[in-house]
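Chain letters run A, B, ... following the sequence lines, proteins first and then strands; every chain starts at 1. The structure displayed is predicted, hence computed values, not measured ones.
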Amino acid sequence: MKIFMAAFFASVLLCPGCSSKWTTHTACKNDKLELLYQSCDPLQDLGFSMDHCNNPISKNLKIRFGVILRHDIQELFLDINLFSMGKSILSYSYPVCEVDFPKFSFCGKKKGEKIYYAGDINNQAFPIGKVS
Amino acid sequence: MVPWMVMALIMATTFFSCPDPGSCHSCLEVFPSIEYQCMDQNFSKVPMDIPASTQKLDLSFNPLRSLAPRSFSRITELRILDLSRCDIQKIEDDTYEGLHNLSTLILTGNPIQSLGIRAFYGLPKLQKLVVVETNLMSLEDFPIGHIITLQELHLGHNSISSLQLPSYFASFSSMKHLDLHLNQIKNISDGDLEPVKLNPNLTLDLSENPIQYIHPGAFKGIHLSGLKLRSSFHNSTIMEACIKGMTGLKVGKLVLGNYKNDIQMTSFESSILDGLCEVDIGEFRMVQPSQFPSDGNGVFKCLVNVSVLFLVNTDIDQLTNLPIFPKLFSLSLTDCNFDIMPDLPSISLPSLKELKVTHHKDLTTLSDLALPNLQILDLSKNSLNVLSCCSDKTFNTPNLKYLNLSYNAHISLSKNFMGLENLESLDLQHTILKDHDKYPAFYSLINLRYLDISYTNTHVKFKNIFTGMSNLKHLKMAGSSFQDNILHDIFKNLTKLVSLNISYCQLERVSQETMSPLHQLQVLDLSHNKLQTFDPFICMPLLNLQVLNCSSNSITALNGENLQELSRTLISIDLSDNPFDCVCDHQIFFQWVKEHTHLLNRSKPMTCQTPSHMKDISVQLFDDSTCHMKKTVIAVSLLGIIVILLVLALVYKFYFHLMLLAGCKNIGGGESIYDAFVIYSSQDEDWVRKELVKNLEEGVPSFQLCLHYRDFIPGVAIAANIIQEGFHKSRKVIVVISEHFIQSRWCKFEYEIAQTWQFLSSQAGIIFIILQKVEKSLLRQQMELYRLLNRNTYLEWEDTNLGRHVFWRRLRKALLDGRTKNPKGAAEEEFSQPVSPT
């Protein structure tokens with residue numbers, strides 16, 4: 001499980017192969033696990049943190065997320081590709097914002113606007129927990 | 001006066017330092033002279049080198065802080081100005097003065113503290129003003145009353161606490177969109193919306209306001225185009241009360257519900273929408289409500305008069321007890337919890353023309369649909385498994401024109417759409433299809449205009465797969481596969497086809513006859529295949545082709561000879577991502593590419609793959625002058641060889657002329673008058689006259705022969721003549737040997753004298769010509785001659801073309817040899833061994 005986790009976060013958050021001007025941020029940290037991330041977008045950095053690092057893919061996760069948009073959000077997709085030992089073990093795509101179908105209040109926000117979210121992220125929207 | 005001079009000085013400095021406008025400013029030139037992107041460049045002032053013709057200027061994320069009056073007056077053509085997050089705290093009077101053409105002004109994210117009363121003056125064409133997140137507290141003192149051209153006013157994410165619209169809103173007759181989302185509006189009171197009462201085109205967005213109370217009658221007599229109230233009510237009690245307060249409203253489109261990341265109401269009673277009985281609604285959208293009741297009659301009883309109904313993200317898993325919706329023509333059920341198709345009786349939905357049941361990940365089974373007026377059916381993005389599709393038994397919808405079954409699980413097309421002949425559009429993409437490639441599955445669809453079977457696991461091995469669809473205009477079959485990866489003539493009946501997408505099909509070859517029926521085709525996409533060559537000749541039947549995409553194949557070059565087939569009607573061709581072989585063999589193609597840059601995809605350049613020194617270099621940089629160079633080198637060397645050969649031939653032919661020219665001309669043999677004295681039998685006189693004399697005296701160089709019949713002085717003894725005229729005055733002696741010669745006494749006499757004379761003077765050479773073969777026995781009689789001929793080179797007369805040629809050449813050469821300054825040496829050369837009389 002630990003190897004799996006390490007692989008997951010290394011691939012998702014460390015963004016291998018991406019050279020970016022943004023610094024690497026810490027999403028959470030305890031004595032067993034440290035989660036780091038870096039933005040790959042040339043214009044956009046983002047702030048993200050999790051309240052605890054014990055089980056980052058538990059069903060209910062308290063997160064904080066803040067960003068000042070450098071792009072308009074017309075469409076937004078979440079893509080997660082998870083590799084272990086060079087093989088794809090998870091490929092997940094979730095349409096966060098669709099043009100006719102804004103599920104979240106930040107969909108449709110424009111450049112310069114601020115998004116701040118603090119609260120639960122439940123597995124209905126991001127069924128990451130189902131992976132394990 | 002002083003500021004003007006400073007201004008002029010700055011202008012002049014700018015002018016002199018920037019001779020070429022557009023090349024030197026620090027902004028990104030999106031479109032020269034028209035659009036500049038200066039985002040996050042740390043400008044504290046408006047950059048001076050932006051051309052006056054600029055129409056779109058993005059200055060967002062620069063610390064401008066405050067703007068002086070007439071800051072932009074120089075850029076008179078400006079239409080869109082983005083000043084997001086510029087830390088602007090104060091906007092002075094007349095800041096935007098002079099922007100006569102400005103239609104959009106974006107001030108998002110500026111902490112505006114003070115606004116001059118004339119802050120937005122001088123904007124006669126402003127249509128859209130975005131003041132999101134600008135610390136705005138109230139609309140009352142917001143100085144925009146004079147902008148009567150305003151169509152969109154975005155006031156979201158501010159601290160406005162009252163919806164009481166100032167009276168100047170009455171003058172915004174063109175206003176279409178008033179966005180007040182995420183403000184602090186708690187109460188909507190009577191008269192708040194009075195100024196927009198007469199504007200039926202207005203859409204009002206009040207989402208994410210903590211609305212507590214709507215005064216009954218606040219919306220009375222108000223006619224809106226749209227009203228959005230998402231995540232505006234904290235609980236169902238407030239929502240029910242507020243909706244009751246909306247009595248008397250007439251609205252084109254009403255949106256209620258929540259956002260996924262926002263307030264989630266705990267319960268949703270059937271009665272919650274009861275207040276809508278008193279509201280005139282055209283289109284109703286309910287997005288993301290919690291615990292939506294499935295009792296249709298209860299929840300929809302006040303919505304029966306809507307014409308469009310959207311239920312998005314509701315947690316209902318069935319719809320029962322639906323009331324009659326006499327006017328409903330469009331029903332959309334998106335991302336709900338249905339695992340079987342909801343029962344939609346035609347009696348409840350007599351006017352339904354459009355039905356969309358999409359985004360249900362648990363919806364696997366299709367139940368019978370009987371909606372006689374249905375024209376549009378969208379069942380995409382579910383998980384449908386259909387065992388036998390499709391006919392009028394599957395969908396009892398005889399008027400169906402549009403059917404979308406894309407992004408589902410498995411569909412077996414075992415019925416060939418019998419009873420659905422009115423279909424005009426059929427979308428099956430990304431659904432695994434079965435049985436459709438074994439028989440003409442689409443045979444009945446004679447009215448079909450659009451067919452998408454992209455990524456449906458289609459393997460085409462049956463040639464008549466598309467038979468029947470004689471009116472098809474658009475065919476998409478990306479991600480299909482073909483037998484042997486060759487595209488054969490499967491489009492035989494599709495003579496009206498306008499666009500065709502066969503990308504991602506692993507195609508290796510397109511057979512010649514494939515395109516022949518497609519005279520109407522305008523768009524052809526062959527990208528992401530494995531084509532190694534593409535002969536433009538294939539496109540010859542495509543008389544109307546405008547867009548051709550052959551990108552991401554394995555094409556090394558197009559056949560240069562048939563390229564003109566392409567250029568006739570094309571307006572766009574994409575050949576990017578191909579491994580072009582940039583060698584001179586393909587220079588016609590690369591030349592064509594250079595001449596047709598305007599047709600090519602500009603975002604993705606065509607690059608060379610081989611040879612290695614050209615790798616990843618644009619094919620436009622292929623230098624065909626090197627090819628010309630190579631050609632020139634080959635041509636020049638060929639020409640050189642030809643010239644040399646010609647010269648050699650000429651030298652050979654005119655060898656003797658050249659010898660003369662080289663200086664031998666005037667060198668006679670000293671006292672010699674004749675070049676040669678000819679000894680011959682009178683029997684051979686005929687040959688001597690016709691051949692010897694003619695060739696030597698009339699040819700080049702001309703030799704003077706001494707002939708007894710002509711040159712001997714009459715009255716002098718023959719012997720004396722022989723010696724005086726013959727030997728003394730001649731350099732050489734030609735002996736014509738024949739049988740007659742052997743038999744002739746005079747000849748023998750002459751020959752012996754010649755030998756003696758030669759021996760005495762060591763001067764002249766004797767040239768033997770064997771005119772005819774002499775028998776050995778006869779020759780032996782002349783022992784001396786016999787020995788001489790055995791030891792020396794002699795000339796033999798041969799009456800053939802080549803023989804004569806060689807003979808005369810050799811003879812001339814022999815005769816010429818004596819014509820040097822040192823005749824002795826020459827004689828020596830001719831006869832390498834001087835003959836010694838024995």
Please examine the side chains of [Y] and [X], heavy atoms only from C-beta on, and report whether any two atoms are closer than 4.5 Å.
X	Y	value
A:Lys109	B:His181	yes
A:Lys110	B:Thr108	no
A:Lys111	B:Ile106	no

Problem set entry | Backbone of A:Lys114 reached by a side-chain donor or acceptor of B:Glu133 within 3.5 Å |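 Yes, the answer is positive, given that a donor and an acceptor are paired below the 3.5 Å cut-off.
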
Exercise. Using non-hydrogen atoms only, which part of B:Asp82 is less than 4.5 Å away from chain A: side chain, backbone, both, or neither?
Worked result: side chain

For this session: Under 4.5 Å heavy-atom distance to chain A, tell me which part of B:Asp58 shows up: side chain, backbone, both or neither.
Result: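 The answer is the side chain of B:Asp58.
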
Exercise. When rounded to the nearest 0.5 angstrom, what distance separates SG in A:Cys97 from NZ in B:Lys260?
Worked result: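 Between atom SG of A:Cys97 and atom NZ of B:Lys260 there are 11.0 Å.
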
For this session: Enter the distance from B:Asn258:CG to A:Lys103:NZ here, rounded to the nearest 0.5 Å.
Result: 15.0 Å

Where [X] and [Y] come nearest, the two heavy atoms and their spacing:
X	Y	answer
B:Tyr259	A:Phe104	CD2-C, 3.4 Å
B:Phe61	A:Leu69	CZ-O, 3.4 Å
A:Gly112	B:Arg85	O-NE, 2.6 Å

For this session: Against chain B, label A:Pro102 side chain, backbone, both or neither, depending on which of its atoms sit under 4.5 Å from a heavy atom there.
Result: both

For this session: Count the heavy atoms of every other residue, nucleotide or ligand shown that sit under 6.0 Å from OH of B:Tyr504, and state whether that count exceeds 12.
Result: no

Exercise. Would you say A:Gln74 has more than 12 foreign heavy atoms packed within less than 6.0 Å of its CD?
Worked result: no

For this session: Can you tell me which residue pairs pass the salt bridge (charged side-chain N to carboxylate O under 4.0 Å, His left out) test with a partner in residues 70-82 of chain A, sequence neighbours excluded?
Result: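 Counting only pairs at least two positions apart or across chains, the salt bridge (charged side-chain N to carboxylate O under 4.0 Å, His left out) contacts touching residues 70-82 of chain A are A:Arg70-B:Asp40.
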
